[in-house]
Each structure stands twice: as structure tokens, then as C-alpha cells.
Number of protein chains: 2
Amino acid sequence: MPKLRAHNITITLDGYATGTDQRLDAPFGDGVDGLHEWMFAALRARDEGDEGAAGIDADYVELGDENIGATIMGRNMFGPVRGAWQDESWTGWWGDNPPFHHDVFVRTHHLRPSLPMKGGTTFHFTDEPAETVLRRAFEAAAGQDVRLGGGPTTIQQYVRAGLLDELHLVVTPMLAGKGVRLFDNWGDEIDGYQVAEQVSSAAVTHVRLIRR
Amino acid sequence: MPKLRAHNITITLDGYATGTDQRLDAPFGDGVDGLHEWMFAALRARDEGDEGAAGIDADYVELGDENIGATIMGRNMFGPVRGAWQDESWTGWWGDNPPFHHDVFVRTHHLRPSLPMKGGTTFHFTDEPAETVLRRAFEAAAGQDVRLGGGPTTIQQYVRAGLLDELHLVVTPMLAGKGVRLFDNWGDEIDGYQVAEQVSSAAVTHVRLIRR
């Protein structure tokens with residue numbers, strides 16, 4: 001059975017996955033500068049052939065791209081625009097050749113036509129229920145798994161709907177003080193998860209949560 | 001300058017330091033069984049001479065006892081009794097020779113006479129402000145540091161008062177779902193702390209937070 005998987009979901013020691021006031025020049029909001037630095041540093045090291053520095057951090061990042069045929073994300077992960085689209089000039093954070101190379105379903109109340117990009121990525125905008133979007137994504141993935149992007153609110157929705165099979169969590173040694181906590185609003189579904197794995201690098205702690 | 005230090009403060013991945021409904025047969029409440037198992041396992045291993053298994057977990061626990069001359073704790077850490085004392089038969093969780101061997105200040109609205117125990121521990125019950133209790137503890141410690149016990153609410157009070165110098169935090173790979181979060185109610189004081197150290201064992205991640 002194909003799975004719905006979230007990867008590289010990084011939280012501070014005090015539990016925040018995003019800060020406050022997400023916007024164009026602060027995609028994750030204020031108070032969380034450096035939240036994903038562990039990932040960028042590991043991938044840079046791998047690019048430079050420095051396997052000692054790349055280590056398990058880079059391995060985990062690459063694992064997140066394996067056997068993925070479609071992606072679901074919340075609107076905040078797609079961009080900083082809030083409310084109705086003023087125009088359709090915003091095409092995501094990733095330039096004209098986004099790194100997905102498959103169908104990406106963006107959950108938003110503000111619909112717009114599907115947006116084909118270079119390299120095989122097509123963004124679809126949908127206000128359908130979580131279950132419906134997941135069904136469409138599994139169809140698009142054609143037997144491969146579906147990846148669930150962020151933000152934390154989107155992850156919480158799929159957890160509460162009982163649809164998230166696996167979550168790769170990363171705890172990074174910093175404090176944010178405020179923002180959106182990953183582990184708020186899971187409801188009783190939190191009892192459905194167990195820790196399958198915990199491994200630490202010099203930089204962060206990786207935890208794999210799976211449904212029981 | 002002597003310091004106020006908290007040690008072995010253990011939280012779940014979702015941030016809880018205690019569960020719900022703390023009571024006699026569940027001193028840390030429901031939902032957090034095994035929260036401190038990392039500590040008991042490490043100390044058992046050290047007792048048995050198995051240094052490989054004791055490792056840095058046992059080192060950190062022992063560090064928490066070094067150069068400590070007095071302790072401050074909240075009432076819930078002293079015992080499960082709530083409201084007025086029915087009688088004075090409860091003398092703490094630790095038997096008649098508690099492991100402190102110095103003055104212990106228990107913060108409670110329900111006063112009772114100081115309670116000298118075997119081995120040099122004396123429990124003092126006080127409803128004085130956090131600052132006053134700390135001053136008394138520093139006097140009792142006579143130049144050594146003061147240790148701040150739990151629970152999380154007591155730690156939050158000393159953080160907000162700007163009085164906690166150092167916090168040894170332990171993140172253990174389990175989920176609780178509810179309870180009291182360590183990192184709630186820190187207010188702006190959270191900006192005053194930085195991560196001085198992060199080290200992981202096979203079992204848990206240790207983080208040392210210090211005031212900037």
C-alpha cells in the first residue's frame with residue numbers, strides 16, 4: 001500500500017515548526033532563523049563530497065525524496081500571498097523548475113488554474129477535503145508514495161484525519177518562544193503513533209514516527 | 001557567583017514534562033510512563049559497572065549532583081497531597097533518608113513546620129516569593145550552587161523571574177499528548193537563554209541551556 005509520508009519536519013526545542021508572521025522575506029516567519037540550517041549544511045557538504053560532514057543528515061534528506069510520486073502542501077508552503085490571489089504571478093518559492101517533478105496539490109480556499117512548470121512539476125490548487133486531495137494524489141503518484149509538505153497546520157489536518165502514515169521529525173537545538181507548534185491539535189490521534197527510530201547527528205536529532 | 005541550576009528535566013517529543021493527574025501511584029501523572037527510564041537505566045548500569053551502557057547519560061545525572069548545597073522544589077515534587085495537609089505524615093517520596101543531604105525548600109501555600117530527616121536533609125515549607133526563597137537557599141548552600149527541582153510550573157516561575165541560570169534538558173523519544181509543557185509560560189525570558197551544548201546518547205538528547 002502506498003503511504004503518505006512527511007519528511008524533514010523540523011521543530012525547535014520548544015516545539016515550534018514555524019515562527020510568527022510568515023512572509024516573502026521570512027518564509028518560516030520570525031524567531032526561527034536557522035531552523036533548517038542542518039539540512040542546507042548537510043546537502044552542501046554532500047555536494048562538495050565531504051561525506052563526514054554530510055553524514056546521516058544528508059541521508060535522511062535523500063530518504064525523503066525516495067519513491068515519491070506526488071506532493072501535498074498547504075498554501076503557506078507554496079507562498080507568502082494571503083487571501084485572494086491579486087494576480088497569478090506568484091508561482092511558488094522554487095523558481096521556474098521546482099524540485100518536485102511531479103503533481104503538487106496546494107490546499108487553499110482560493111482556487112486558480114493548474115500551473116504546469118518546467119521539469120514536470122504541476123501545481124494544482126484545491127479546496128477539497130483532506131481525504132479527497134489524498135486520493136487524487138495517490139492516483140497521480142501511480143503506486144508510489146505521496147509526500148506531505150508543511151506547514152504544521154496541514155500536517156495536523158492529515159494527522160487528525162488519520163491519514164498520515166509516517167513522520168520524519170527533526171529536533172534542532174534552538175528556542176523560538178512563539179509560532180505554530182507541530183504537536184498542537186493532534187487530538188487523540190497522537191496515541192496512534194509510535195517512535196520507530198531515533199538517531200542523532202552532531203547537529204540534530206532525527207525521529208521517525210509511524211502509525212501503530 | 002553561585003548559580004541556580006535545574007538538571008535532568010525531561011520532556012517528551014511533544015514537549016511535556018509531566019502528564020495529567022499526578023498522584024501517589026503516578027508521581028509524574030498519566031501518559032508519561034517511562035519519561036525518566038533513561039536515567040534509571042543509566043544509573044543501574046553504572047551501579048553494575050557497565051560503563052558502556054551507563055555512558056554520558058549517567059555522567060549527566062552525576063553532574064547534576066555536583067557542587068549543590070541546597071534545593072528548591074514545587075509542592076508536587078514533594079508529594080501527591082493537594083490543598084491543606086490533612087496531617088503531617090507525608091514526608092516526601094524518598095523514605096526516611098532522602099538523597100539530598102541538605103536544606104530543601106518546598107514552595108507551597110500550605111505551611112507546616114520544618115521537617116528534619118536522616119542524613120542531613122531538612123524540608124522547609126515556604127510561601128515566600130521566588131526571589132526570597134532563592135536568597136534563603138543560597139544562604140543555606142553557603143557558597144555552593146542551588147538546584148531547582150521540578151515540576152515544570154516551578155521552573156517556569158523561576159525562569160520568568162529571571163533567576164534560573166542553567167537548565168539541563170533531556171528530550172526522550174516518546175509522545176504524551178497532554179500534560180504540562182516545560183516551555184509554556186516562559187514569556188520574553190525565553191530570549192535570554194541559549195543552547196550551550198547538545199549531546200545525544202543512544203537513548204536521549206541532552207541539551208544545556210544557559211543565560212546569555
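Chain naming here is simple, since letters A, B, ... match the order of the sequence lines and numbering starts at 1 in each. Below, each value reflects all heavy atoms present in this structure, side chains not excepted, and no hydrogens, waters or symmetry copies.
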*Check whether any side-chain heavy atom of B:L13 sits under 4.5 Å from a side-chain heavy atom of A:V207, and report yes or no.*
yes
*Looking at A:A58 and A:A42, what are the two nearest heavy atoms and their distance?*
N-CB, 3.6 Å
_Gap separating the CG atom of B:L4 from the CG atom of B:L164, nearest 0.5 angstrom_ = 5.0 Å
*asked:* Looking at every non-hydrogen atom in both residues, tell me the closest pair between B:A54 and B:A45 and how far apart they are.
replied: N-CB, 3.6 Å
*Taking all heavy atoms of A:A17 and all of A:L35, pick out the closest pair and write down the distance.*
O-CD2, 3.3 Å
*Out of A:A202, A:A176, A:P173, which one racks up the most heavy-atom pairs below 4.5 Å with chain B?*
A:P173
*Part of B:V204 lying under 4.5 Å from any heavy atom of chain A*: backbone
*Over all heavy atoms of both residues, which pair between B:P152 and B:V180 is shortest? Give the atoms and the distance, please.*
CG-CG1, 3.6 Å
_B:A137: side-chain contact (heavy atoms from CB on, under 4.5 Å) partners, not counting sequence neighbours_ = B:A70, B:I72, B:F105, B:V146
Is there any N or O donor on one of chain B and chain A with an acceptor on the other under 3.5 Å, and could you list each such pair with its distance?
{"from": "B:R181", "atom 1": "NH1", "to": "A:D184", "atom 2": "OD1", "distance (Å)": "2.6"}
{"from": "B:R181", "atom 1": "NH2", "to": "A:F183", "atom 2": "O", "distance (Å)": "3.3"}
{"from": "B:R181", "atom 1": "NH2", "to": "A:D184", "atom 2": "OD1", "distance (Å)": "3.3"}
{"from": "B:F183", "atom 1": "O", "to": "A:R181", "atom 2": "NH2", "distance (Å)": "3.3"}
{"from": "B:D184", "atom 1": "OD1", "to": "A:R181", "atom 2": "NH1", "distance (Å)": "2.6"}
{"from": "B:D184", "atom 1": "OD1", "to": "A:R181", "atom 2": "NH2", "distance (Å)": "3.3"}
{"from": "B:Q198", "atom 1": "NE2", "to": "A:A203", "atom 2": "O", "distance (Å)": "3.1"}
{"from": "B:S200", "atom 1": "OG", "to": "A:S200", "atom 2": "OG", "distance (Å)": "2.7"}
{"from": "B:A203", "atom 1": "O", "to": "A:Q198", "atom 2": "NE2", "distance (Å)": "3.1"}
{"from": "B:T205", "atom 1": "OG1", "to": "A:T205", "atom 2": "OG1", "distance (Å)": "2.7"}

_A:L182, part contacting chain B, at a heavy-atom distance under 4.5 Å_ = neither
